[in-house]
Amino acid sequence: METPGRSAVVCFGEALALVPDAAAVDDPRAPAHAAGAEVNVALDLAAAGVAVAWVGRLGDDRHGALVQHTLAAAGVDTGGIGVDPDLPTGRYAKSPAPDGGTVMTYRRSGSAASAAGPELLELPAVRDRIADADWVHVSGITAAVSTSCAAALAALLARPRRYRVVFDVNWREQMWPDGNPAPVAALADRADVVLVGADEARRVFGTDDPARLRALLPGPELVVVKDGARRALAVHRDGAVTERAALVVDVVEPVGAGDAFAAGLLTGLVRGEDVGRCLRRGHLGAAAVLVVPGDSAAPLPEHLLDLDDDAWATLRVSADREAV
Ligand SMILES: Nc1ncnc2c1ncn2[C@@H]1O[C@H](COP(=O)(O)OP(=O)(O)OP(=O)(O)O)[C@@H](O)[C@H]1O
Ligand SMILES: O=C(O)C(=O)C[C@H](O)[C@H](O)CO
């Protein structure tokens, strides 16, 4: 039972304004949507009915106001947001890459979010929300945003702590000039639940083999490996593996699917569901985002979670959000 007025989950990270194209990243007045991995997770959690807060710093500008308004309109608790009078909100654009993937163009260096550090977590509005939460959601992106953000992330992961932490590895190659993933790997081991794509796992941990990953990550209670269109599996502390097939999806644009997966999984964890159902929630959330161009989307119908394995594995989610 969630207590009214408190957030079961607190998300911390950098909010970004998602602008229409790479040329617009230099335009502080460009039309935009709210984005940033942890903002996407907060929006997806709120859409699923989970009480959630997003905490962090925004610029005192059009894009900061847009992020704050979008979060509030979605029902996310925005009382732990600080506004920086001098520094801007970061921006990013996504464009199709020749290989069929997506290129991200960022303008986030020197952003309001990047100036935040461990002191943010001591502000009463932030500290009290975290003290009341069962879960904190963070990602490896924050370790690359700035030294002070990395310190805040480390502080959130320090033990002892009352809340549990979901850590989405979210390796962003272009944000790590030295290409060394060791800091992200070390932070991941301090979390309770780690989420990692199979490709990211090979890059950051040198393997996507469940048993080898477990040996490298002895700390978390669950290590969840997402293998794209194929499946996701959760490796438990004793080495047992829970696996669930992904859905068949007519992908429109992939960015944000990992965040929606995280939000789906967290929704199940908050509700105390078994890990298999949590993985299915992850896939269902991801499918909803994969069939829209934006970074977040309204959830698909919950009853789909109850399909038997055969019906689930052949369920097709198309670009009109039809699940057949
Ligand atoms: N082609 C696909 N078909 C069906 N489901 C998919 C496909 N690609 C991704 N998914 C779903 O999306 C989830 C997340 O995928 P992935 O790990 O590739 O995202 P990500 O790279 O972390 O995304 P993000 O840009 O949000 O960080 C998968 O676990 C799966 O549920
Ligand atoms: O890449 C980032 O740092 C972002 O936060 C932008 C996107 O919203 C994010 O990648 C989606 O997961």
Side-chain angles (χ1 to χ4, degrees), residues 35 37 40-50 74 94 96-97 99-102 137 139 166 168-170 193-202 208 210 213 222-236 240-324:
N40 295 338
V41 171
L43 292 172
D44 292 329
L45 283 170
V50 175
K94 45 189 185 182
D99 67 359
T102 302
H137 172 84
S139 92
V166 174
D168 192 337
V169 169
N170 268 348
V193 176
V194 173
L195 286 162
V196 64
D199 50 348
E200 286 176 327
R202 291 189 291 274
D208 62 1
L213 270 177
L222 280 182
V223 176
V224 177
V225 185
K226 300 167 289 170
D227 196 356
R230 207 171 143 224
R231 60 177 182 169
L233 48 85
V235 196
H236 302 251
V241 173
T242 305
E243 177 181 333
R244 290 293 179 272
L247 295 166
V248 181
V249 183
D250 297 334
V251 178
V252 171
E253 200 282 316
V255 177
D259 304 330
F261 186 99
L265 184 101
L266 244 172
T267 300
L269 292 172
V270 165
R271 295 186 184 162
E273 295 175 353
D274 66 74
V275 170
R277 191 171 174 90
C278 294
L279 293 177
R280 275 197 173 185
R281 277 193 189 276
H283 288 311
L284 197 62
V289 168
L290 286 166
V291 297
V292 299
D295 272 15
S296 58
L300 290 162
E302 174 136 353
H303 68 80
L304 296 171
L305 295 170
D306 299 320
L307 293 173
D308 65 34
D309 284 349
D310 289 344
W312 171 268
T314 53
L315 185 71
R316 179 178 207 108
V317 181
S318 59
D320 51 10
R321 288 177 50 86
E322 200 64 31
V324 288

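Only heavy atoms go into these numbers, but all of them, side chains included; no hydrogens, no water, no symmetry mates. Along the sequence shown, the residues carry numbers beginning at 1.
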Problem - Electrostatic pair Lys226-Asp208, nearest N-O below 4.0 angstrom - result: no
Problem - Phe261 and His283 aromatic ring geometry - parallel, tilted or perpendicular at 30°/60° bounds - result: perpendicular
Exercise for the section: Would you please test Leu279 and Leu265 for side chain to side chain contact (heavy atoms under 4.5 Å, CB included) and show each step? Expected result: CA-CA 6 Å; Leu279 293 177; Leu265 184 101; 3.9 Å; yes
Fill in the blank from the handout: Closest non-hydrogen atoms of Gly285 and Ala260, given as atom of the first, atom of the second and distance, are O-CB, 3.3 Å
Handout entry: Donor-acceptor contact below 3.5 Å, side chain Arg280 vs main chain Leu307
Key = yes
Problem - Whether Lys94 side chain and Pro254 backbone form a donor-acceptor pair below 3.5 Å - result: no
Exercise for the section: Start with the C-alpha distance between Leu195 and Val166, add both sets of side-chain angles, then the distance that settles side chain to side chain contact (heavy atoms under 4.5 Å, CB included), and finish with yes or no. Expected result: CA-CA 7 Å; Leu195 286 162; Val166 174; 3.8 Å; yes
Problem - Check: Val289 and Asp259 side chains under 4.5 Å, non-hydrogen atoms - result: no
Handout entry: Interatomic spacing from CZ in Arg271 to CZ in Arg277 - rounded to 0.5 Å
Key = 9.0 Å
Handout entry: Distance-minimising heavy-atom pair for Pro293 and Val252
Key = N-CG1, 4.2 Å
Handout entry: Side-chain heavy atoms of Val275 within contact of His236, under 4.5 Å
Key = yes
Problem - Student check: side-chain heavy atoms of Leu304 and Leu315 closer than 4.5 Å - result: yes
Completion exercise
Between Asp44 and Ser296 the two heavy atoms that sit nearest each other are OD1-CB, 3.3 Å
Exercise for the section: Look up atom CG in Leu266 and atom CZ in Arg281, then write down how far apart they are to the nearest 0.5 Å. Expected result: 11.5 Å
Problem - Any Asp250 side-chain heavy atom under 4.5 Å of Val317 side chain - result: no
Exercise for the section: Over all heavy atoms of both residues, which pair between Asp310 and Thr314 is shortest? Give the atoms and the distance, please. Expected result: O-OG1, 2.9 Å
Exercise for the section: Of all the heavy-atom pairs spanning Ala229 and Ala246, show the shortest one and how long it is. Expected result: O-CB, 3.4 Å
Completion exercise
Value for CG (Asp274) from OG1 (Thr242), rounded to nearest 0.5 Å, stands at 8.0 Å
Completion exercise
Here the pair of heavy atoms bringing Leu213 nearest to Val225 is CD1-CG2, 3.5 Å
